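Note that the coordinates shown come from a computational prediction; the quantities given were computed from them, not determined experimentally.
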Number of protein chains: 2
Amino acid sequence: MNFENRKQVCAAARKFLENKGLRQTPQRNAIILAAFSTSDHFSAEGLLRMAREIDFSVSRATVYRTLPLLMESGLLRGLDLGNGVQYYDPNFIEHPTHNHLICVDCDKIIEFEDINMELLKNCISRRLGFFPESKVLRIEGHCEELQLHGSCPKRRG
Amino acid sequence: MNFENRKQVCAAARKFLENKGLRQTPQRNAIILAAFSTSDHFSAEGLLRMAREIDFSVSRATVYRTLPLLMESGLLRGLDLGNGVQYYDPNFIEHPTHNHLICVDCDKIIEFEDINMELLKNCISRRLGFFPESKVLRIEGHCEELQLHGSCPKRRG
DNA sequence: ATCTATGCAAATAATTTGCACAATG
DNA sequence: CATTGTGCAAATTATTTGCATAGAT
């Protein structure tokens, strides 16, 4: 995502708050800016750290209070990486149907979209009497590193 | 899953413990029996309740210590339902590639398997240089109830 | 003035762990 | 008797909330 897009997403987030009758504050702006200045996934704690680099007055509570708002806006989506921590993915506005491939060796995450996957999802859902609204698809496996080079430089543990 | 199958799965779980050099205890047996006597999904707390109906001496700590073992055995899989609680799904031995359709109105969960989904998953993974090991596919949407009857008897809230 | 937002610290909820005792091989 | 397993209660971790204060309209 390029700089212009990020600016637009931040603007959309602020617009969402405005439409909801909520105020724009330095803290919320710092949190929004931090969240959408990266395409990496982050945890609440990680977001706090990033937001504080912009505005040190941001508190943990405000981060935890702002995250549900951004989820509600549709600009941010939750991401479960298997450990007990809630992660967030800021890339769903640009790629609304994307999925995750996660390497169990090195934790590398690849995002991908696939039209056939979407069609199949819709088809199966309807067949079972469901009207699909959203989906989570996470594939875990091994990336090429271990096979190609005998070892994975970023290997866990 | 019928009674015979359940017995076999419990036996497999005990065998797994044995192969690992771990002991069979009344508490572990009660937990195993409770976990595989239902095809419903459960939380650690729910499993504790069920296990205690079989053997009241089972403690919360033992449940939490046994769950990772059952996960490791492959007989039980984690299931994320979006609230912060870890749920477990005992149906993966019978249906190793099944997925979940979840109704956002009434929390109804439908499990389904689909060969095309598996093929597509493998195809996409390989194309991206991944060797897939497992996947999580969860589709959220609306089941027929609200549409057909104007209301859903089991509606949340 | 009134409403909204904030930081702090305390509260909560789910899970993990240390430890003394019990059960097993 | 040496090892493994257990319950209990305390510790840990992530998240939520009450409250007094600060800021915006």
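- Toward the 5' end of DNA chain D, the nearer of the two residues B:V63 and A:A61, judged by each one's closest nucleotide, is B:V63.
- C:dT15 atom P lies 12 Å from atom CG of B:L48, rounded to whole Å.
- Side-chain contact between B:L69 and B:E72: present, with at least one pair of heavy atoms (C-beta onward) separated by less than 4.5 Å.
- Residue B:L69 contributes atom CG, which lies 12 Å from atom P of C:dT16 at whole-angstrom precision.
- The side chain of A:T25 contributes an N or O atom lying less than 4.0 Å from OP1 or OP2 of C:dT6.
- Using a 4.0 Å heavy-atom cutoff across all strands shown, B:R28 reaches sugar-phosphate atoms only and no base atom.
- Note: CD (B:E45) to C1' (C:dT12) measures 14 Å, nearest angstrom.
- In this structure, B:Y64 reaches the C:dT15 phosphate: one of its side-chain N or O atoms is under 4.0 Å from OP1 or OP2.
- For the pair A:E118 and A:K135, the minimum side-chain heavy-atom distance is below 4.5 Å.
- When rounded to the nearest whole Å, the span between CG of B:D55 and P of C:dA23 equals 12 Å.
- Each of B:P68 and B:Q24 was matched to the nucleotide of DNA chain C holding its nearest heavy atom; the match closer to the 5' end belongs to B:P68.
- Scanning both residues, B:Y88 and B:A44, for their nearest heavy atoms gives CE1-N, 4.1 Å.
- In this structure, CZ of B:R65 is placed 7 Å from C1' of C:dT17, rounded to the nearest angstrom.
- Set against C:dT15, C:dA5, C:dT6, the side chain of B:A44 has C:dT15 as its closest nucleotide.
- In this structure, A:Q86 and A:L67 have side chains that are not in contact, with every pair of non-hydrogen atoms separated by 4.5 Å or more.
- For the pairing with B:H100, the side chain to side chain contact (heavy atoms under 4.5 Å, CB included) check across B:I110, B:L137, B:V136, B:I109 returns one residue only, B:I109.
- Across the protein-nucleic acid pair, B:E18 atom CD and D:dG5 atom P stand 13 Å apart, rounded to whole Å.
- Side-chain proximity of B:R60 to the nucleotides C:dG25, D:dC8, C:dT15 is greatest for C:dT15.
- Comparing A:G21 and B:S43 by the nucleotide of DNA chain C whose heavy atom lies nearest to each, the residue mapping closer to the 5' end is A:G21.
- The side chain of B:V85 has C:dA14 as its nearest neighbour among C:dT6, D:dT6, C:dA14.
- Rounded to whole Å, the distance from CG on B:L22 to C1' on D:dT6 is 14 Å.
- No hydrogens or angles were tested; on distance alone, nothing pairs the side chain of A:R23 with the base of D:dT25 as donor and acceptor under 3.5 Å.
- Within 4.0 Å (heavy atoms only), B:Q86 reaches sugar-phosphate atoms of the nucleic acid but no base atom.
- Regarding B:L67, its CG atom lies at a distance of 16 Å from the C1' atom of C:dT17, rounded to whole Å.
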